[in-house]
Protein chains: 2
Amino acid sequence: MAEKSRYNYRVEPQDVDFTLRATIPSLGGAILNTAGIDAHGKGFGVDALNADNHSWVLSRMAVEFDYQPVQYTDYEVATWISDYGRVLSTRNFTLTDTASGREFGRAVTQWAMIDLQSRSAMDLSWVGDAHADAVVDAAPPTDKPRKIREVNPSETVEHRVVYSDIDFNRHVNTMRYIEMMLDMLPVETLTRESPVRLDIHFLKECRFGQTLTVGCEQREHSALFEISADGGPAAVRASIEWK
Amino acid sequence: MAEKSRYNYRVEPQDVDFTLRATIPSLGGAILNTAGIDAHGKGFGVDALNADNHSWVLSRMAVEFDYQPVQYTDYEVATWISDYGRVLSTRNFTLTDTASGREFGRAVTQWAMIDLQSRSAMDLSWVGDAHADAVVDAAPPTDKPRKIREVNPSETVEHRVVYSDIDFNRHVNTMRYIEMMLDMLPVETLTRESPVRLDIHFLKECRFGQTLTVGCEQREHSALFEISADGGPAAVRASIEWK
């Protein structure tokens, strides 16, 4: 059995908004970056998988922040894989303020392995066997990502996918999806200092040159989102909730 | 006289495009982040200035990259102030691959100090006196940023300024301007492996809720850009040139 891995970050000037607190996309970016680095260091990163024409694809993600730390805060991201299912592997995270030792955030992510030729999900049973020693015997730090079944947008915007939206997989970058969704909310909502939870669920890949429709359903203390490409079915659904 | 300050970075998974090389905005982001950290550490950062209702504002920037390093490359950003003029201070940067010791990039930036009440530039003579010990006796590593006097766009796009575009100063983030401009170019141009130089020149601030018009004039080995807000005069001009 493995141990949790720990990586150090700091809230940099480029990570904060005008309240001087780290934005949700910057903290989410650190979480996903940690996933990439940890898998790379353990020999099952995207770079190693690509050699076999496979890749990891994020299927669902839940993040919770009790508060958003201010500029120059040092923090640690701990990460561990808690299980390999047949289709999804679960990677977990906690974020802790280095100076105070206080845990201020946590995340649960679920990943599929796809065949780059067919773009279809692969059976992960063999990965679970091959990398059983990478599994850590510690439960996810919060509820697994929720499925979001239906969104009834009261407002929509369109966005053409450009170069700076896409990642190493040529999909729209996860944090860019989150930015597109948050940008539909009032700034006062985004900058209020309350605990927040975001669930995001990827159904289809969105690619360079497509035109996305981003729909938002605002509720009292939450909002639901749905993104589709070129008039197709839902590609991404998400919910954000303030406590 | 001071010495150059040195900061360590790594090309993270979130910094690369699908060629697995660091993007221009990610390297530019590291450069500006270094400016913020270095000024902060020396006691004349935005946080200290804000207490007196002043702030640093980037006026012009030139960056050159001989090549864009691949994912997981460790690199060092060295930075130093070479002079304080009456209105602009000059901060310089070199980027060096840690493993090979090869310098692969450099930048020259010019900053004005503004009064946050009047939004007008302040006389920097007193700063030059107060912080004379922060000046390093080393010339800028390349030509200072060029003024771009005229752009004749053959193509334009519109962009409404949203929350994720703005920085701690409530202006549009410098790297987001650069992304908006680069996104107008063909992907083949952006991913070709040639030395590149970018000059950017800020004339007016662009703010939340404004609608920007981004114009692009493509030439054979270069492109010129002009951004204006709400139909006003040019707010940002830039040029990019491949060798």
Side-chain angles (χ1 to χ4, degrees), chain A residues 9-10 12-21 23-26 28-41 45-47 50 70-72 157 159-171 173-176 178-187 189-191 208-209, chain B residues 9-10 12-21 23-26 28-41 45-47 50 70-72 157 159-171 173-176 178-187 189-191 208-209:
Chain A
Y9 289 89
R10 184 170 65 161
E12 303 284 352
Q14 60 190 353
D15 298 329
V16 302
D17 67 16
F18 58 84
T19 68
L20 298 183
R21 293 181 302 127
T23 63
I24 293 172
S26 76
I31 288 168
L32 289 185
N33 197 58
T34 301
I37 291 166
D38 194 57
H40 170 70
V46 165
D47 45 346
N50 279 181
V70 298
Q71 186 168 259
Y72 298 120
V157 295
H159 178 89
R160 201 164 157 274
V161 179
V162 289
Y163 168 77
S164 68
D165 295 329
I166 57 178
D167 66 9
F168 61 86
N169 257 336
R170 298 178 187 243
H171 307 166
N173 181 311
T174 300
M175 289 307 130
R176 202 45 85 91
I178 293 177
E179 287 181 342
M180 286 177 207
M181 298 188 290
L182 297 183
D183 284 339
M184 296 189 73
L185 298 173
V187 169
T189 305
L190 295 170
T191 54
F208 182 77
Chain B
Y9 288 90
R10 185 169 64 162
E12 303 284 353
Q14 61 191 353
D15 298 329
V16 302
D17 67 16
F18 58 85
T19 68
L20 298 184
R21 292 181 302 129
T23 63
I24 293 172
S26 75
I31 288 169
L32 290 185
N33 197 58
T34 301
I37 291 167
D38 194 57
H40 170 71
V46 165
D47 44 346
N50 279 181
V70 298
Q71 186 169 256
Y72 298 121
V157 295
H159 178 89
R160 201 164 158 273
V161 179
V162 290
Y163 168 77
S164 66
D165 295 327
I166 58 176
D167 66 10
F168 61 85
N169 257 336
R170 297 179 187 242
H171 308 166
N173 182 310
T174 299
M175 289 307 130
R176 202 44 84 92
I178 294 177
E179 287 181 341
M180 286 176 208
M181 297 189 291
L182 297 182
D183 284 339
M184 296 189 73
L185 298 173
V187 168
T189 305
L190 295 171
T191 54
F208 182 77

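By convention in this document, chain letters (A, B, ...) are assigned in the order of the sequence lines, proteins followed by strands, and residues within each chain are numbered from 1.
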Considering only heavy atoms, which portion of [X] lies under 4.5 Å from any heavy atom of chain B: side chain, backbone, both, or neither?
{"X": "A:Arg10", "value": "side chain"}
{"X": "A:Thr191", "value": "side chain"}
{"X": "A:Asp17", "value": "both"}

Largest heavy-atom contact set with chain A, pairs under 4.5 Å, which of B:Leu182, B:Leu190, B:Ile166: B:Leu190

With a 4.5 Å cut-off on heavy-atom pairs, point out which of B:Asp183, B:Val162, B:Leu185, B:Asp167 contacts chain A the most. B:Asp183

Atom group of [X] that falls short of 4.5 Å from chain A, counting heavy atoms:
{"X": "B:Arg176", "result": "side chain"}
{"X": "B:Ala35", "result": "neither"}
{"X": "B:Asn33", "result": "both"}

Aromatic rings A:Tyr72 and B:His40: how do their planes relate, parallel, tilted or perpendicular, breaks at 30° and 60°? parallel

Quick one: closest heavy-atom pair of [X] and [Y], and the distance?
{"X": "B:Gln14", "Y": "A:Gly29", "result": "OE1-O, 3.2 Å"}
{"X": "A:Val187", "Y": "B:Phe208", "result": "CG2-CZ, 3.2 Å"}
{"X": "B:Tyr163", "Y": "A:Thr23", "result": "OH-CG2, 3.7 Å"}

